[in-house]
Engineer: 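Just passing along the structure, written as structure tokens.
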2 protein chains.
Amino acid sequence: MTASSKPRADALNVLSGEELSSAAQRERRKRIVDATIALASKGGFDAVQMRAVAERADVALGTLYRYFPSKVHLLVSSLGVELERAQEKMDRTSIPGDNAYERVLFVLGRITRGLQRNPHLTEAMTRAFTFADASAGAEVDNVARLMERMFTRAMSEEEPTDEHKAIARVISDVWLSNLVAWVTRRATASDVATRLELTVRLLLA
Amino acid sequence: MTASSKPRADALNVLSGEELSSAAQRERRKRIVDATIALASKGGFDAVQMRAVAERADVALGTLYRYFPSKVHLLVSSLGVELERAQEKMDRTSIPGDNAYERVLFVLGRITRGLQRNPHLTEAMTRAFTFADASAGAEVDNVARLMERMFTRAMSEEEPTDEHKAIARVISDVWLSNLVAWVTRRATASDVATRLELTVRLLLA
DNA sequence: GAAGTTTATAGAACGTGTTCTACTTCTGCC
DNA sequence: GGCAGAAGTAGAACACGTTCTATAAACTTC
């Protein structure tokens, strides 16, 4: 099938090759993450089976493992992708509220409701995140930073102070813990809302 | 081996039977939990393999599963046992400090250092705790309650107020999250100490 | 103390994450 | 255009959590 006789084939190969090498890989990676998110959305953590992800992304199992060395890496990386999307969306809208307290609550409420709209996906990602071991430390750190940034931005548009960073960290911890309680059905959505509000009040009011 | 002809055999059977039935089961359960803790202490979450626990506790695999329906149940239950021990020890000593802030920090420091003395065990238990799904909700709730009680007691000896309960919950969340960061080597012991102190200061100073 | 029920045992079997092997296809380089 | 090495593929193989089966022991009840 290769057009071996045309003089242009060379240039064409180089060009599409260029794009292929990096671009085909970007493309594969994207397919993998998309497949992960689709499967997670449908059936949660357990439904994200490596063979199923590979098949759906149309790559071999070995390739999947070359891109993501474990299921946890895969899910935490996907969480990172999702959080970045959420952050971008958040950056495009202005956050209402007269003070840090109101603004943080707004952001928390909005993102929490967003996650609760897709319970299986949330379950898959939070469980992977909290189950991650040291080998996924980098991915986990990345996500943790994204979360903290989200809350420091909500608190003020200035460069965050150390105190604001500390508060953001506490909020991240409480938020995650409540999300986990919610996905494991130990807390209702309104329990979560109440506790988050209480927490933010303790910290920022 | 059964003394079938003696009139007392009956009573004895009933008695030792009584003790056996329940007591043999208590005994088995204890052996299982001990084996779990021993294996976890040696090699963490991965070393707690169901076959290994069963063998070490000298019960069949099926029996292990009859007592604890999954590895997570097993580890979270063991965490409950450990926390109760820690609480009892805590109850026997008086907590120094002039105010809630100092007292909570004292308790936090003490229990954190205790856990850090056995990193593998801590890793096994915290990972099981945060990985638990809905089916282990009861066990997880039990542990969460133990944690919160530990901190409300530190804050004051009175019946805890709602605010104190809320604060205890936040501290529990932050504490757990830092413990996880520590076992996954994303935070050092002194990072953890610093963050806990900062958190308690935000909440109680 | 015998029948029936519950609990325990040994071990096979199964599912899914992970690793390994043998082979093919790309890609960059001369 | 041909070659060396990297990347991808198909699928077997392995490990460990979990379930299942067949049998034996322990307990309860009459």
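Residue numbers start from 1 in every chain, and the chains themselves are labelled A, B, ... in the order their sequence lines are given, proteins ahead of strands.
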Engineer: Can you tell me how far C1' of C:dT25 sits from CG of A:Asp58, to the nearest Å?
Structural biologist: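 From A:Asp58 CG to C:dT25 C1': 15 Å.
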
Engineer: If I take atom CG in residue A:Leu61 and atom P in nucleotide D:dT9, what distance separates them, rounded to the nearest angstrom?
Structural biologist: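 Taking atom P of D:dT9 as the reference, CG of A:Leu61 is at 11 Å.
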
Engineer: State which of D:dA7, D:dC16, C:dT18 makes the closest approach to the side chain of A:Gln25.
Structural biologist: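 The listed nucleotide nearest to A:Gln25's side chain is D:dA7.
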
Engineer: Taking A:Val59's backbone N and O only, do any of them form a donor-acceptor pair with A:Thr63's side chain (distance below 3.5 Å, no angle check)?
Structural biologist: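 Checking the backbone N and O of A:Val59 against the side chain of A:Thr63, no donor-acceptor pair under 3.5 Å is found.
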
Engineer: Could you tell me if B:Ser41 and B:Asn118 have a donor-acceptor pair between their side chains, going purely by distance under 3.5 Å?
Structural biologist: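 Yes, side-chain donor-acceptor contact under 3.5 Å.
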
Engineer: With heavy atoms under 4.0 Å as the rule, sort A:Val48 into base, sugar-phosphate or nothing.
Structural biologist: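 Sugar-phosphate: the residue A:Val48, judged by heavy atoms under 4.0 Å, touches backbone atoms but no base.
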
Engineer: Would you please say whether a donor-acceptor pair under 3.5 Å links the side chains of B:Thr112 and B:Trp175?
Structural biologist: yes

Engineer: Measure OH/B:Tyr65 against P/D:dT19 and give the value in whole Å, please.
Structural biologist: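 In whole Å, D:dT19 P lies 7 Å from B:Tyr65 OH.
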
Engineer: What integer distance in Å separates A:Arg66:CZ from D:dA10:P?
Structural biologist: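 One finds 15 Å between P of D:dA10 and CZ of A:Arg66, rounded.
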
Engineer: More 5' along DNA chain C: A:Arg51 or B:Ala60, using each one's nearest nucleotide?
Structural biologist: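 Its nearest nucleotide lies further toward 5', so the answer is B:Ala60.
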
Engineer: Rounded to whole angstrom units, what separation is found between the CG atom of A:Asp46 and the C1' atom of C:dG17?
Structural biologist: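 In whole Å, C:dG17 C1' lies 12 Å from A:Asp46 CG.
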
Engineer: If you only use heavy atoms from C-beta on, which nucleotide in D:dC16, C:dA8, D:dG8 is closest to the side chain of B:Arg28?
Structural biologist: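 Per side-chain heavy atoms of B:Arg28, the pick is C:dA8.
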
Engineer: Starting at atom CE of B:Met50, determine the distance to atom C1' of C:dC14, rounded to an integer number of angstrom.
Structural biologist: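 Checked: the CE to C1' distance equals 16 Å.
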
Engineer: Starting from P on D:dG17, measure out to CZ on B:Phe131 and report it in whole angstrom.
Structural biologist: 12 Å

Engineer: Have a look at A:Tyr67 and say if it touches a base, only the backbone sugar-phosphate, or nothing, with a 4.0 Å heavy-atom cut-off.
Structural biologist: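 Touches sugar-phosphate only.
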
Engineer: Can the ring centroids of B:Phe131 and A:Phe45 be said to lie less than 6.0 angstrom from one another?
Structural biologist: yes

Engineer: Distance check needed: D:dG11 C1' versus A:Glu55 CD, whole Å only.
Structural biologist: 13 Å

